[in-house]
Amino acid sequence: MMLEGKTAIVTGGAHGLGRAIALRLADDGADVMVADLLGGDAEAVAAEVRTRGRRAVSYEVDVSDSGAVSGMVMATVEVLGCIDILVNDAGVSGESPLLDMKESFWDRVMGVNLKGNFLCSQAVAREMVARGGGGAIVNITSTAGANARPGASAYASSKAGIIQFTRVLALELGQHGIRVNAVGPGMTLTGSEVKPAPSQKYQGAFVGQVPMGRAGVPGDIAAAVAFLASPDATYINGQVIFVDGGYSAGKLSVSG
Ligand SMILES: NC(=O)c1ccc[n+]([C@@H]2O[C@H](COP(=O)([O-])OP(=O)(O)OC[C@H]3O[C@@H](n4cnc5c(N)ncnc54)[C@H](O)[C@@H]3O)[C@@H](O)[C@H]2O)c1
């Protein structure tokens with residue numbers, strides 16, 4: 001129960017990795033604000049958290065909207081008392097080659113993934129500092145933030161931006177006792193109801209480049225987030241942990 005007495009906001013907590021992270025933080029003792037664009041689905045996850053004996057609330061938020069993000073922070077403090085942990089999980093993906101890409105696609109990916117991360121981090125960090133400092137922010141990047149692939153210029157750039165954003169915040173907020181780190185999942189099969197699983201062909205090609213020979217499962221990612229949020233990681237700041245079975249360590253050699 002490393003997170004006993006702590007309060008966490010998980011954005012994108014209604015589905016996929018965010019849901020797994022919310023439940024894992026609760027299992028480790030935290031009370032949780034489940035925040036998501038899909039308010040009803042967020043409330044269903046909050047209800048799951050409550051059945052595990054923790055306090056939980058939900059909030060319908062678009063992380064790219066500063067007013068909505070302020071409301072999320074105020075609601076969390078009002079109901080749960082304070083904020084110790086922020087997990088910036090909310091994100092959108094999608095592919096579009098440069099020559100065909102619509103401006104609206106680029107703006108949406110950047111708006112949710114990168115601006116959303118900025119807005120939530122700023123609002124929560126201000127709250128943490130106002131209460132005397134201390135806290136942990138865990139951003140969800142991706143192997144795509146370090147390994148380029150065709151068609152992913154918007155998504156990969158947003159996730160690369162999150163890596164550098166994480167490092168800059170670590171430098172700025174360390175003096176306030178706030179640690180900022182990131183987790184970079186490789187391909188992780190979530191069974192999400194709102195995001196289709198990658199094609200079998202893509203899965204096969206990806207797993208072929210994973211030294212451990214399998215895709216990730218949500219618990220792999222949630223465990224890394226819980227560690228970085230916990231007192232065990234008290235001197236870890238400004239780091240990115242890729243949770244990808246070794247995918248980003250380098251290319252598997254082709255023998256023969
Ligand atoms: N699953 C993977 O293989 C994988 C790999 C690398 C990185 N990631 C990252 O992990 C995070 C979660 O991915 P996932 O696979 O669980 O996706 P998902 O689509 O299953 O879940 C994303 C959640 O974010 C919410 N969301 C989307 N836009 C939002 C907004 N504007 N405001 C608030 N909430 C919003 C969605 O409603 C959804 O509940 C994302 O940041 C994604 O880029 C996932």
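Residues take their numbers from the sequence shown, with the count starting at 1. Ligands are counted one by one from 1 in listed order, and the atoms in each one are counted from 1 as well.
In this structure, Lys159 has a heavy atom closer than 4.0 Å to ligand 1. Note on ligand 1: Gly111 sits outside its first shell, no heavy atom being nearer than 4.0 Å.
A 6.0 Å sphere centred on CZ of Arg131 holds more than 12 heavy atoms belonging to other residues, nucleotides or ligands. Annotation: Glu78, atom CD; neighbour count of heavy atoms from other residues, nucleotides and ligands within 6.0 Å does not exceed 12.
Taking every non-hydrogen atom of Gly12 and a distance limit under 4.0 Å, the qualifying atoms of ligand 1 come out as 23 (C), 24 (O), 25 (C), 39 (O).
In terms of protein heavy atoms, atom 31 (N) of ligand 1 is closest to Asp62 OD1, 3.0 Å. The protein heavy atom nearest to atom 43 (O) of ligand 1 is Tyr155 OH, 2.7 Å. Counting only heavy atoms of the protein, atom 18 (P) of ligand 1 lies nearest to Ser192 OG, 3.9 Å. Closest to atom 3 (O) of ligand 1 among all protein heavy atoms lies Thr188 N, 2.8 Å. The single protein non-hydrogen atom nearest to atom 13 (O) of ligand 1 is Lys195 NZ, 4.0 Å, given as residue, atom name and distance. For atom 5 (C) of ligand 1, the closest non-hydrogen atom on the protein side is Gly186 O, 3.3 Å. When hydrogens are left out, the protein atom nearest atom 40 (C) of ligand 1 is Asp89 O, 3.3 Å; that is the closest non-hydrogen contact.
Here the shortest heavy-atom pairing between Val32 and Ala22 reads CG2-O, 3.8 Å.
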Given the rule in the salt bridge (charged side-chain N to carboxylate O under 4.0 Å, His left out) test, do Arg54 and Glu4 qualify, once you have shown the distances and angles that lead to the verdict? CA-CA 10 Å; Arg54 297 288 145 202; Glu4 183 99 56; 3.3 Å; yes
I'd like to know whether His15 forms a side chain to side chain donor-acceptor pair (under 3.5 Å) with Asp41, so could you lay out the CA-CA distance, the side-chain angles of the two residues, the decisive distance to 0.1 Å, and finally the verdict. CA-CA 8 Å; His15 290 280; Asp41 296 354; 2.7 Å; yes
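Considering backbone and side-chain atoms alike, Thr143 places every N or O at 3.5 Å or more from each N or O of ligand 1. Any N or O atom pair closer than 3.5 Å counts here, and Val63 shares at least one such pair with ligand 1. Residue-to-ligand polar distances keep Ser142 apart from ligand 1: every N/O pair is separated by 3.5 Å or more. By the 3.5 Å distance cut-off applied to N or O atoms, Leu17 is counted among the residues near ligand 1. Considering backbone and side-chain atoms together, Thr141 places no N or O closer than 3.5 Å to any N or O of ligand 1. An N or O contact shorter than 3.5 Å is missing between Ser64 and ligand 1 by distance. Between Gly18 and ligand 1, no pair of N/O atoms sits closer than 3.5 Å. For a threshold of 3.5 Å applied to N or O pairs, the pair formed by Asp36 and ligand 1 contains at least one separation below that value.
Under the side-chain contact (heavy atoms from CB on, under 4.5 Å) rule, Asn139 has a single partner from Val225, Asn88, Val87, Leu86, which is Asn88.
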